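Have a look at the structure below, then the notes.
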Amino acid sequence: MTETFYEVMRRQGITRRSFLKFCSLTAASLGLGPTFAPQIAHAMETKPRIPVLWLHGLECTCCSESFIRSAHPLAKDVILSMISLDYDDTIMAAAGQQAEAIIEETIEKYDGNYILACEGNPPLNQEGMSCIIGGRPYLEQLKHAADHCKAIISWGSCASWGCVQAARPNPTQATPIHKVPGLAPKPIIKVPGCPPIAEVMTAVITYILTFERFPELDRQGRPKMFYSQRIHDKCYRRPHFDAGQFVEHFDDEGARKGYCLYKVGCKGPTTYNACSTVRWTGGLSFPIQSGHGCFGCSEDGFWDKGSFYDRLTDIHGFGIEADADKIGGTAAAVVGVAAAAHAGVSAIKRARQKGGEN
Amino acid sequence: MSADVASSHSEEAVYVYQAPVRLWHWANAGSILVLAITGYFIGSPPPAVGGEASASFLFGWIRYLHFAAAYILIIGFVFRVYWAFVGNTHARQIFLPPVWRGSFWKELFHELTWYAMIAKEPLKYSGHNPLATLTMHVMFVWGIVFMICTGLALYGEGAGMGSWQYDLFSSWIIPLFGQSQDVHSWHHLGMWLIVCFAIVHIYAAVREDIMSRQSIMSSMFSGWRTFRDGRPADDGH
């Protein structure tokens, strides 16, 4: 039988005290009450580790990079021991044939019981030839692994929405996991972000292991506990927003004083993520705190919404790229000028008629 | 279009806009003005104010005015829809343009020729002419419905999950448009649609008041439509 999390942790030299601290921290980061800490501890002591296949499609590995930097749920050793990460080509020791063989082994051994964690997405054009893993298109590997898994985690914006490789014009037709045609209908949890916050990733896994189900998801399949509020709602610069104190340029007095970055294109008001509460690098900082606006990396299609430094979306289909203000302002000006011209002509016509009547 | 002036039809004034409709019209116009101005500033904020953040609440006030005016507009619109059911026939005209009638399109074409300065004189209506009816229906009624829905969806984002605005609007409208920023952009475009409508609406009202065969501007104050000639109206009222 597979070892429990607790056994693995103890074997790795983690004290019971550290283990319990980890359980309460995890309970807190999941938004659960203190009474849940013993539940998490109990689950970790008794449940076998759930095998995870971590597959990489078109991606940049920023999700993995973020994941291994998780600070609370402890360090990378612990979290990598909690799950039985059977396959992850980036961080596994095995390589080549040996590594690829593990996928088949896991699929056979844990048929219907493992979690499929997808980092990146498959390109559909040219039968998936733009992403080859071990000599076969990633698309095939993904479908095969999805057929036998219990559930799918879509790590990051690539797997959740498409991200940069799916940005216009998307030549390889990179497609997010939930839109891949012919994929087995397994439950999918999206953890968007480029990358997602490390603690969010580990917390999602912890929740799934502890309760053997997904946390509550919103309509778009994201865990509510981390994606139910906008960056803006919990931003520490919000008082400057309400006061009307904005950074106008990145080198002005407002920027030095830490004013709101709304006017230099901060996407905080339209981005659902936990950056302003959980923050990054062990709670050290997050983009807005470092003086740069949020550019909405966890939102669908954020590459295609125009400049990162502008709050209005570019609207395509007008020949040139234009935003709502340019299109609307032009339309209003045209209507205004037309009305004025029409009024002029009407006045002349009326004057002529009156002239005729006299 | 009967030239039968000798018929018994000899009205000079018709009561068209009932008091609640007039009251709604002006409250609605006022809130649209406030909404457009504050909305524009929410999209493109005025220059930053100095001092301590705790000392001012400028942007907060702009947003507050926007939300307050929005609620006045929404409640007014809901009332206006209710009044379309219980009010007089004129009260439901902009909600139900008779597009299934051939005469509607024929008269609409005539109205277009009048605006193109081809027709010598317009037809005479106690209610709205067909062109006005259609413009108000498409640009105003559906424009406002669009703005109310997208507006409440955006408001629901701030009100948060569990609020009725979020559950009824944000939860499905935001995924429908793609993401929050798209809803913002479309809400912005909707504002410009309403601005275009307002320009056309005010211009047409002034022009018709001067050049048509019935009163326009004063009717929205008094409720009464007066006529400039004794011939019967073309919409049979």
Side-chain angles (χ1 to χ4, degrees), chain A residues 161 218-220 224 228-230 232-233 237-248 252-254 257 259-260 262-263 267 269-272 296 299-302 305-306 311-315 323-325 327-332 334-336 338-340 342-343 345-347 349-350 353, chain B residues 40-63 115-117 120 154 157-158 160-162 166 170-172 174-175 178-200 202-204 206-207 210-211:
Chain A
W161 309 124
D218 69 3
R219 212 178 251 255
Q220 294 172 83
K224 275 186 179 175
S228 62
Q229 279 189 318
R230 301 166 298 173
H232 186 62
D233 294 318
R237 295 194 185 198
R238 181 63 188 262
H240 293 297
F241 172 85
D242 289 330
Q245 299 178 319
F246 302 103
V247 174
E248 310 273 349
D252 69 2
E253 193 56 28
K257 284 181 175 164
Y259 284 176
C260 173
Y262 185 77
K263 281 176 92 169
K267 304 289 192 297
T270 54
T271 303
Y272 288 80
E299 287 294 314
D300 193 358
F302 77 100
K305 305 298 175 195
R311 291 221 16 92
L312 282 169
T313 305
D314 276 348
I315 295 162
D323 64 33
D325 266 358
I327 294 166
T330 310
V334 168
V335 171
H342 199 269
V345 178
S346 303
K349 184 192 168 199
R350 195 169 163 82
Q353 272 177 352
Chain B
Y40 184 81
F41 279 127
I42 290 169
S44 313
V49 296
E52 278 293 321
S54 57
S56 54
F57 195 60
L58 178 68
F59 211 55
W61 275 111
I62 291 174
R63 293 174 70 245
Y115 271 93
M117 325 247 176
K120 260 187 88 180
L154 295 174
E157 295 196 284
M161 286 187 178
Y166 186 91
S170 318
S171 64
W172 63 276
I174 288 170
Q179 53 138 295
S180 171
Q181 203 188 338
D182 298 308
V183 185
H184 279 83
S185 291
W186 281 100
H187 194 67
H188 225 89
L189 271 179
M191 186 266 284
W192 288 110
L193 175 85
I194 303 283
V195 167
C196 288
F197 169 76
I199 295 171
V200 172
I202 294 166
Y203 169 63
V206 172
R207 185 180 192 267
I210 299 168
M211 296 177 67

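A note on names: the letters A, B, ... follow the listed sequences, proteins ahead of strands, and every chain is numbered from 1. Just so you know, these numbers use all the heavy atoms, side chains as well, and skip hydrogens, waters and symmetry mates. If you're wondering where the values come from, they're calculated on a predicted model, not measured in any experiment.
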message: Less than 4.0 angstrom from a charged side-chain N to a carboxylate O is my criterion; do A:Arg311 and A:Asp323 meet it?
response: no
query: At a heavy-atom separation under 4.5 Å, does A:Val345 approach chain B through its side chain, its backbone, both, or neither?
result: both
field: Heavy-atom side-chain proximity of B:Met191 to B:Ile194 below 4.5 angstrom
entry: no
message: Heavy-atom pairs under 4.5 Å with chain B: which of A:Pro269, A:Cys260, A:Gly329 has the most?
response: A:Gly329
query: Between B:Leu193, B:Ile210, B:Ile62, which has the largest tally of heavy atom pairs under 4.5 Å with chain A?
result: B:Ile210
message: I want to check something: taking the side chain as every heavy atom from C-beta on, are A:Phe241 and A:Phe246 in contact at a cut-off of under 4.5 Å?
response: yes
- prompt: So which part of A:Arg238 gets closer than 4.5 Å to some heavy atom of chain B, the side chain, the backbone, both or neither?
  reply: side chain
query: Side chain, backbone, both or neither: which part of A:Lys263 has a non-hydrogen atom closer than 4.5 Å to chain B?
result: side chain
query: chain A heavy atoms under 4.5 Å from B:Phe57: which part of the residue, side chain, backbone, both or neither?
result: both
Side chains of A:Ser228 and B:Tyr166 in contact at under 4.5 Å (non-hydrogen atoms): no
message: If we define contacts as heavy-atom pairs under 4.5 Å, which of B:Gly178, B:Gly160, B:Gly51, B:Ala55 has the most with chain A?
response: B:Gly51
field: Side chain, backbone, both or neither of A:Asp325 within contact of chain B (heavy atoms, under 4.5 Å)
entry: both
field: Among the listed options B:Ser185, B:Pro175, B:Pro45, B:Cys196, the residue most often paired with chain A at heavy-atom distances under 4.5 Å
entry: B:Pro45
query: Where does B:Val195 contact chain A at under 4.5 Å (heavy atoms): side chain, backbone, both or neither?
result: side chain
query: For A:Gln245, is it the side chain, the backbone, both, or neither that has a heavy atom closer than 4.5 Å to a heavy atom of chain B?
result: both
- line: Heavy-atom closest pair (A:Lys305 atom, B:Gln179 atom, distance to 0.1 Å) is CE-NE2, 3.7 Å
- prompt: Do the side chains of A:Thr330 and B:Trp192 get nearer than 4.5 Å, heavy atoms only?
  reply: no
- prompt: Looking at B:Pro46, B:Ala53, B:Gly60, B:Gly50, which makes the most heavy-atom pairs under 4.5 Å with chain A?
  reply: B:Ala53
message: Counting only non-hydrogen atoms closer than 4.5 Å, does A:His232 touch chain B with its backbone (N, CA, C, O), its side chain (CB onward), both, or neither?
response: neither
- prompt: What part of B:Ile202 gets closer than 4.5 Å to chain A, counting heavy atoms only: side chain, backbone, both or neither?
  reply: neither
message: Please give me the minimum heavy-atom distance between A:Ala343 and B:Tyr203, naming the atom from each residue.
response: N-OH, 2.9 Å
Interface residue of largest heavy-atom contact number with chain B, from A:Glu248, A:Lys224, A:Lys349, A:His342, under 4.5 Å: A:His342
field: Top contributor to chain A interface from B:Met161, B:Met117, B:His184 [non-hydrogen pairs under 4.5 Å]
entry: B:Met117
- prompt: Who wins among B:Val206, B:Val49, B:Leu189, B:Leu154 for the most heavy-atom pairs under 4.5 Å with chain A?
  reply: B:Val49
query: What part of B:Ser54 gets closer than 4.5 Å to chain A, counting heavy atoms only: side chain, backbone, both or neither?
result: neither
task: Report the residues that fulfil side chain to side chain contact (heavy atoms under 4.5 Å, CB included) with A:Gln229, sequence neighbours left out, ordered by chain and then residue number.
output: A:Asp233, A:Lys234
- prompt: Checking heavy atoms, do the side chain of B:Tyr115, its backbone, both or neither come under 4.5 Å from chain A?
  reply: both
query: Taking side chain as C-beta onward, heavy atoms only, is B:Gln181 less than 4.5 Å from A:Glu299?
result: no
B:Glu157 vs B:Ile174 side-chain heavy atoms within contact, under 4.5 Å: yes
task: Give, as side chain, backbone, both or neither, the part of A:Lys257 having an atom under 4.5 angstrom from any heavy atom of chain B.
output: neither
query: Does A:Thr270 offer a backbone N or O that forms a donor-acceptor pair with the side chain of A:Arg230 under 3.5 Å?
result: no
task: Sort B:Ile42 into side chain, backbone, both or neither according to what part of it lies under 4.5 angstrom from a heavy atom of chain A.
output: both
Any A:Lys267 side-chain heavy atom under 4.5 Å of A:Phe302 side chain: no
message: Given heavy-atom pairs under 4.5 angstrom as the criterion, report whether the side chain, backbone, both or neither of B:Trp186 touches chain A.
response: neither
message: Looking at every non-hydrogen atom in both residues, tell me the closest pair between B:Arg63 and A:Asp242 and how far apart they are.
response: NH1-OD1, 3.9 Å
- line: One should read off an interatomic distance between A:His240 NE2 and B:Phe59 CZ, to the nearest 0.5 angstrom, of 14.5 Å
query: Who among A:Tyr262, A:Tyr259, A:Trp161 has the most heavy-atom pairs with chain B under 4.5 Å?
result: A:Tyr262
